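Letters A, B, ... are given to chains in the order of the sequence lines, protein chains preceding strands, and every chain is numbered from 1. In this text, all values refer to a predicted model and were calculated from it rather than measured experimentally.
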Amino acid sequence: MNMTTSEDFKGYREPLISMMKAFGITVWSEVVARTTQGEFEGLVLPRSETADPLHLVLKLSSGYNIGLRHDTIEELSKFGYRKASYKIPEKEFPKDPGKPRVKLFGTGGTIASRLDYRTGAVIPAFSPGELYGSVPELAEVCNLETEKLFGVFSENMGPEQYLILAEEIGKAIRDGYDGVVVGHGTDTMHHTAAVLSFMVQDSPVPIVMVGSQRSSDRPSSDAAQNLINAAWTAAHGPIAEVMVCMFGPTSDRYNLLHRGTRVRKMHSSYRSTFRTLGDIPLAMVEQGKLTPLKEDFKPRREDREVTIQACFDERVTILYYYPNMQADIIDALVEKGYRGIIIAGTGLGHVNRTVYPALERAAAQGVQLYMTLQTLWGFVQMYVYETGREILELGVVPLANMLPEAAFMKLSWALGLHPDDPQAVRTLMTTPIAGEMTPREPHDGYLVFQGGIPEMKDFLGKTWS
Amino acid sequence: MNNHENQPLAAPRAPADHNPRLDTPLDFPDRDFGELTPDDYDVLGFMSGLEVHQQLLTTSKLFCRCPAGQKASRVDAEVLRHMRPTLSELGEYDGTALMEFKTHKEIVYRLDRNTVCTYEIDDTPPFLIDLEAVKIAIEACRLMNVKLVSELHVMRKQYLDGSIPTGFQRTAMVAVKGELPFRTSELGADQTLRVRQVSLEEDSCREVSDIGHRITYQPDRLGIPLIETVTEPDLLTPLDVQAGGRLLAQAVRATGKVRRGAGAARQDVNVSIAGGRRVEIKGVGNHRRLPQLVHIEAYRQLNLLRIKAELERRGVTPELFEIPDAGRHRTPPWVQTPLVIDARRILRRSNYPPVREALEQKQMVCAVRLPGFRHILAHRTQPGITFAREIRGRVRVIACLESRPFMIHSDVEDYGLAASVWRQLRAALRTDSSDAIVVLWGSEVDAGTAAREVLARAAESLIGIPAETRQSYPDGTTGFERILPGPDRMYPDTDTPPLPIEDQWIAEIDSRLPETPWAREDRLQALGLDVVATRRLAASPWATLFDEIVAEDREALGVAGLQRVAAALEKRLPYFWRQAGTRSLPAPRVLTPIVQAMARGELHPDGLEPAIDFALRHTEAESTEYLAGRLKSEPVEKELESLLQLAAENLVGVHTREAQAVLRWGMGQVMPALSGRIDPCDVRSKLIFKLGLAI
């Protein structure tokens, strides 16, 4: 058979495709490569699309992959062909009528994924059977049912997905599930957590967002612990709010439950990346044990009533202030039709005088302007300095200690909900509905510890090990 | 649809783990190491290969910018982790063992901020691979004449013991297939040792302690670049394993850009005999220990194969030991199978202290029936070690039983339990006369795991040699370390891009490639030096120094002179290093004048070593002055005369009159001032005459 397809040269470009054709080999051929360096024997693997076009990838019998540069190759002779598709072993998820029902929605984040051991491609494990195969402990927690809603990376989540997710969560709650888990990529998990906090109100059951910082194809992955604790929180936990359930410390010890509007990803790669800002987390959770840290949470209810307000206006932006910002940036936004601007100001909520006229013009055009903080911790306080008072007069509304991302999501939602009622939007924005603004900041709501200090050593000794 | 698409995994084909021969000589006599000839080992089908890990001398670690080679001096924090086997491994392995690893072991890492960053604790993805390390690895490969790949692909090699916090080691193949000239083989001249592959990888953590369910590691060493050089199983006698180990050590050190000292070079040795399979013995520090070690391992395999044969003769099959999976509720084995019983009631009045203590602590005591195993448990597998200890070692590692001892068995008659109690156990387990009983105690979960593991190991007796890695003990015996990972534990590292090896790097490296030990050996032999001295010199760290200090005077020194210089370096340098605690070489210009003086006949050959020794410990100026005072000159006869006179006068103060003692004293009086300038034999005879000694 001489027909070849692009799959036969997967990832390869010229000059290698011609060379492979010339020697009659394709991906998954077992070959002996005679090169200027010597002979190599192995299985031809697909090439990563982002790698250079110059090398042929072989898997040696030792399991190692190597690359051979095209101009060192003198001859390729094929002696076999071994293609096999990697499948995740499935085991039937055991049902136990005595256990709560939990719905797991997948958004495309790879909370439980497997690596194709030959190509390195990540295959998401998602069906209950696949999840049971990789995290059998889940069966001890609940009866799990799964539904894959989308297959997008965290950074590609957007309004389209938020709206569907909110509606689907509403359906699941009305269908009588005892809790909902949302598997999500970690990069924008706090954005989604915030928007769901506004779109899904007065839920009677926990809505738990979960992800992993180390994919589950790694033995040291945090995925299993996160998933088990999230499922436990959804199935048995007393808190009926939108929460993020991720590692507490970097050690495999406990998870923290963060309120959806106060949580933020704070490190690019640490396991304990999610932190509650300006408050303390809702609870600690270890398998089979949940310890509330706050008392003012919304409790689980027996009814299945929920308010879903799935709306979103995309003409909102976050304006991250920097010194010497020019007015034309703001004018451009207004010109492009933006209807809401969340300013992330310096200090207590400041921007420079240069942009005042633009802010004034924006306000006059009906653009909603709100002030949040680059400092992330603390409250907007625009009365302390004259600058603040001036900005207030321009029509910029302070948002207390609302996080910029939460404010962005809330404004998008509020404008979607009340497209023609600016006053209603303003009222909504300045009224806390899901803990996005708090009347007070506890003394330990801001704890960015500094390493090296003697007492931190004792602290880490106790909490990490 | 093609049939082969249904295969679960496109695993790389397993490396040939099984010995190619199946004719196990079961009747071969038991002999100690040293009593067998190469032919005997041939009958045994003995085969061995080596894996040498050599740390490279780089500034930073391989995948982060922490300093390499710095030891932790404090504990700033500890991190606790667990390892979960990933799916493919569950498919590949005896899942039970891995499940136990997973659920029971707490892994603790001790962090010193000066030696580790967030990469080591797996909280930051890898940085780009360290090019200094890549280039040293390429240089080593060029010296060993193995075939370089043109692009490095970083792979992940899984380890679930916690020795690497990610659960895998990042490793890249640098070169494959080469041959080293193996001139010291017991099998004769002109042998070669084939190198299978050379990879560049990150080192793992040091184990601090392993107690019960908690294993503690020190990650300061983690991430230091090393090259792993793997040979083919070409070593066919224990002495060849030692010689091969030496050769490989020289080969991987030949760049000079490697770390030295404790732990910087470690070797694993693979052994099999006919009918057996590859067993990997880890972390052998010293080449001298290798022959005994592999000899004992060969006999251990022979004994395991004898046990297999005997069990087969008795009609024992693996199915006899099968019990259902513990399942997610961890059903204890004494509930699941009649092979295991809860023995607490039977043993409640036992006087045997360990059992009594276990019962007092409300622990589980269970008994396991091993059908057809009578007297098998007492079968010797290694010197002083029975098959029961093979089982015990594995149970200890996998079930983490803490008490000592934690098991006894019925093959040691009348030990521990009273005969009446053994009888009761036999009745409760419904054993017949061909069965053996193992009694275990520990926490309920651990005892359950242990009982399962005893049955699993018993079933594997029918396989013969289980695929294991073993740790070596100083007496040459070995103990279970872990189950040998399968070939499927290797997969691509998605965090690092492939790295093309640039032609320019190779050209640059080739242009300044040091001489290999074997090429140097050829060259030195051509000078006329004897074979043994040449071999030692060629492999020594001062080989280049030797070349430099004799360069001008090769002719004048002659073979005898060259031998003397080689011998002097070999004696004085290591001695000085030990005392001074350094391993630095002196500049050639410091030693060259000494060698030149000897070559010109101005320095007596006996003066060579003291002069070199002096030069090592003093400044260049002091050394020059010293040498000037040691050169042969006319007045030496006069000086000797006055020293002899002085000795004769001082003789009255010497207490002994024993002639030899007086002579030694006299030599001590005269020689130091004259050493190197005069033949000590002359001094001796003159002294005897002068002092009137009766010798």
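- Inter-residue side-chain proximity for B:Met173 and A:Ser62 is flagged as met; some heavy-atom pair is nearer than 4.5 Å.
- Panel note: side chain B:Asp76, backbone A:Lys457; no donor-acceptor pair is recorded below 3.5 Å.
- Within the 4.5 angstrom heavy-atom criterion, no atom of B:Val146 approaches chain A.
- A:Ser251 approaches B:Leu80 most closely through the heavy-atom pair OG-N, 2.7 Å.
- Using a 4.5 Å cut-off between heavy atoms, B:Leu148 touches chain A through backbone and side chain atoms alike.
- Comparing B:Val174, B:Asp495, B:Val154 by how many heavy-atom pairs each has under 4.5 Å with chain A, the most go to B:Asp495.
- For the atom pair A:Arg218 CZ and B:Tyr491 OH, the distance stands at 7.5 Å (nearest 0.5 Å).
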- Test side chain to side chain contact (heavy atoms under 4.5 Å, CB included) applied to A:Arg214 and B:Asp123, step by step: CA-CA 9 Å; A:Arg214 295 288 165 281; B:Asp123 265 326; 4.2 Å; yes
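- For chain B, the option among A:Ser269, A:Gly38, A:Ala51 with the highest count of heavy-atom pairs below 4.5 Å is A:Ser269.
- Listed here is the closest heavy atom pair of A:Thr250 and B:Arg81: OG1-NH2, 2.6 Å.
- Around atom CD of B:Gln504, no more than 12 heavy atoms belonging to other residues, nucleotides or ligands sit under 6.0 Å away.
- The shortest distance between side-chain heavy atoms of A:Asp52 and B:Glu151 falls below 4.5 Å.
- Annotation: the span from A:Gln37 atom CD to B:Lys177 atom NZ amounts to 13.0 Å, rounded to 0.5 Å.
- For the pair B:Met490 and A:Asn65, the minimum side-chain heavy-atom distance is 4.5 Å or more.
- In this structure, the portion of B:Ser199 lying under 4.5 Å from any heavy atom of chain A is its side chain and not its backbone.
- For A:Arg271 (side chain) and B:Asp122 (main-chain N/O), a donor-acceptor pair under 3.5 Å exists by modelled atom type.
- Looking at heavy atoms from C-beta onward, A:Tyr64 lies in side-chain contact with B:Lys157 at the 4.5 angstrom threshold.
- The most heavy-atom pairs under 4.5 Å with chain A, out of B:Gly162, B:Gly167, B:Ala175, come from B:Gly167.
- Residue contact with chain A, scored on non-hydrogen atoms closer than 4.5 Å, involves the backbone of B:Pro165 exclusively.
- Residues B:His153 and A:His55 have side chains not in contact (no heavy-atom distance under 4.5 Å, counting atoms from C-beta outward).
- Residues B:Gln197 and A:Leu60 are not in side-chain contact: their nearest non-hydrogen atoms beyond the backbone lie 4.5 Å or more apart.
- One finds the NE2 atom of B:His82 at 13.5 Å from the OG atom of A:Ser221 (value rounded to the nearest 0.5 Å).
- For a residue to count as touching a neighbouring chain, one of its non-hydrogen atoms must lie under 4.5 Å from one of that chain's; by this rule A:Gln225 does not touch chain B.
- At a 4.5 Å heavy-atom cutoff, the contact between B:Thr124 and chain A is made by backbone and side-chain atoms alike.
- Proximity to chain A is absent for every atom of B:Leu499, based on heavy atoms less than 4.5 angstrom apart.
- To the nearest 0.5 Å, atom CZ of residue B:Arg196 and atom OG of residue A:Ser61 are 7.5 Å apart.
- A salt bridge does not link B:Arg84 to A:Asp252: none of the charged side-chain nitrogens sits closer than 4.0 Å to a carboxylate oxygen.
- With rounding to the nearest 0.5 Å, the separation of OG in B:Ser150 from CG in A:Asp71 is 8.0 Å.
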